[in-house]
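On a predicted model such as this, the values are computed, not experimentally measured, just so you know.
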Amino acid sequence: MTPEQPHPTAIAAGDHKGYMEFAIEVAQRSPPAPNKFCVGAVLVDGGKNEILSTGYSLELPDDNPADPGKTHAEQCCFIKVAKKHNLPEERLCEVLPTNTVLYTTMEPCNKRLSGNRPCVDRILRLKDSIKVVYIGIKEPENFIEQSVLKIGRERMANEGVKVVFVEGLEDRIMEVSLAGH
């Protein structure tokens, strides 16, 4: 497991733009490629203002036969917390604080071309802990139609997970996300 990025002390509790800027820094570690986006995610204990985990696209190996396909940023966050607590990802709700917040530079996927479990499904499985997902940008339609992506945002909202767009960083996020295209 890769070591976690230290908590940037300049990020105050509730500074959503600050956490999104940190997620952009994490996304920049993702290897650029023409067939994927470089996405960063930060999982935060909202009550303690502590980073629980960070993740970026392709950070972890895709060696789980039950969940084939490349690893996404949000998925990496969850896997790393699960490993830290020696639990399968499916049991993360047992250890995540009830006010966990997820920041991700690009909206979570609602469909995976690889057959891997979509990040929206992973988040909804943790909806008792993750009540808010802060998003930097909508996913461009390079691989998945916007109608499918919109359904993911609607599913989260309908299940009680609030989706909030953090405005003002879209150009920077898009530039990082499309590295290698």
Side-chain angles (χ1 to χ4, degrees), residues 4-8 10-46 49-60 70-81 99-112 118-124 126-127 129-157 159 161-181:
E4 284 305 305
Q5 183 95 0
H7 184 292
I11 301 178
D15 181 0
H16 307 304
K17 195 169 184 178
Y19 273 110
M20 191 58 67
E21 288 172 342
F22 182 52
I24 294 168
E25 290 176 29
V26 173
Q28 290 174 321
R29 298 188 315 197
S30 179
N35 61 345
K36 70 156 196 69
F37 298 112
C38 296
V39 178
V42 181
L43 196 63
V44 178
D45 178 337
N49 193 39
E50 290 180 359
I51 293 176
L52 301 171
S53 184
T54 63
Y56 58 88
S57 307
L58 300 183
E59 178 181 7
L60 298 176
K70 304 297 182 192
T71 54
H72 283 193
E74 303 91 335
Q75 177 185 7
C76 291
C77 282
F78 301 148
I79 289 170
K80 288 159 62 174
V81 173
N99 56 350
T100 300
V101 177
L102 177 64
Y103 293 87
T104 181
T105 57
M106 185 179 291
E107 70 179 303
C109 66
N110 186 50
K111 181 178 181 179
R112 298 287 295 270
C119 294
V120 168
D121 291 354
R122 294 172 191 281
I123 292 164
L124 291 177
L126 301 170
K127 67 182 181 180
S129 298
I130 299 175
K131 306 281 196 271
V132 183
V133 177
Y134 291 94
I135 297 169
I137 60 171
K138 293 179 183 179
E139 182 175 334
E141 290 189 36
N142 297 39
F143 309 115
I144 304 290
E145 292 179 21
Q146 200 54 233
S147 61
V148 173
L149 298 166
K150 181 182 177 199
I151 292 169
R153 293 188 297 270
E154 290 172 352
R155 284 180 57 213
M156 286 190 287
E159 293 286 331
V161 177
K162 188 175 178 182
V163 177
V164 179
F165 282 93
V166 177
E167 297 181 1
L169 300 169
E170 296 89 350
D171 292 342
R172 188 166 162 221
I173 292 171
M174 190 63 77
E175 180 183 338
V176 171
S177 296
L178 294 175
H181 284 239

Using every non-hydrogen atom in the two residues, find where [X] and [Y] come nearest and quote the distance to one decimal.
X      : Y      : value
Gly55  : Cys76  : CA-CB, 4.0 Å
Pro108 : Ile135 : CD-CD1, 3.8 Å
Ala27  : Tyr56  : CA-CB, 4.4 Å

Next item on the list: Begin with the C-alpha distance, continue with both residues' side-chain angles, and end with the deciding distance and a verdict on side chain to side chain contact (heavy atoms under 4.5 Å, CB included) for Tyr134 and Val44.
Entry: CA-CA 11 Å; Tyr134 291 94; Val44 178; over 6 Å; no
Reported [atom1]-to-[atom2] distance for the pair [X] and [Y], which is rounded to 0.5 angstrom:
X      : Y      : atom1 : atom2 : answer
Leu124 : Arg155 : CG    : CZ    : 5.5 Å
Lys17  : Ile11  : NZ    : CD1   : 13.0 Å
Ile173 : Met106 : CD1   : CE    : 8.5 Å
Met174 : Leu178 : CE    : CG    : 5.5 Å
Met156 : Ile123 : CE    : CD1   : 5.0 Å
Cys77  : Leu60  : SG    : CG    : 9.5 Å

Student check: side-chain heavy atoms of [X] and [Y] closer than 4.5 Å:
X      : Y      : answer
Asn99  : Lys131 : no
Lys138 : Phe165 : yes
Val39  : His72  : no
Phe22  : Ile51  : yes
Thr105 : Val176 : no

Verify, without hydrogens or angle tests, whether [X] (side chain) and [Y] (backbone) share a donor-acceptor contact under 3.5 angstrom.
X      : Y      : answer
Glu170 : Gly168 : yes
Ser57  : Phe37  : yes
Ser30  : Cys38  : no
Lys80  : Thr54  : yes
His181 : Lys36  : yes
Thr104 : Ala41  : no

Margin query: So for atom CD, which belongs to Glu175, do other residues, nucleotides or ligands contribute more than 12 heavy atoms lying within a distance under 6.0 Å?
Written below: no
Next item on the list: Would you check, one step at a time, whether the test side chain to side chain contact (heavy atoms under 4.5 Å, CB included) holds for Leu126 with Val161?
Entry: CA-CA 10 Å; Leu126 301 170; Val161 177; over 6 Å; no
Note to self: Using the side-chain hydrogen bond (donor to acceptor under 3.5 Å, both in side chains) criterion, which residues pair with Glu167? Sequence neighbours excluded.
What the structure shows: none
Note to self: For a salt bridge (Lys or Arg N to Asp or Glu O under 4.0 Å) check, start with the C-alpha distance between Arg122 and Glu74, then their side-chain angles and the critical distance, and finish with the verdict.
What the structure shows: CA-CA 9 Å; Arg122 294 172 191 281; Glu74 303 91 335; over 6 Å; no
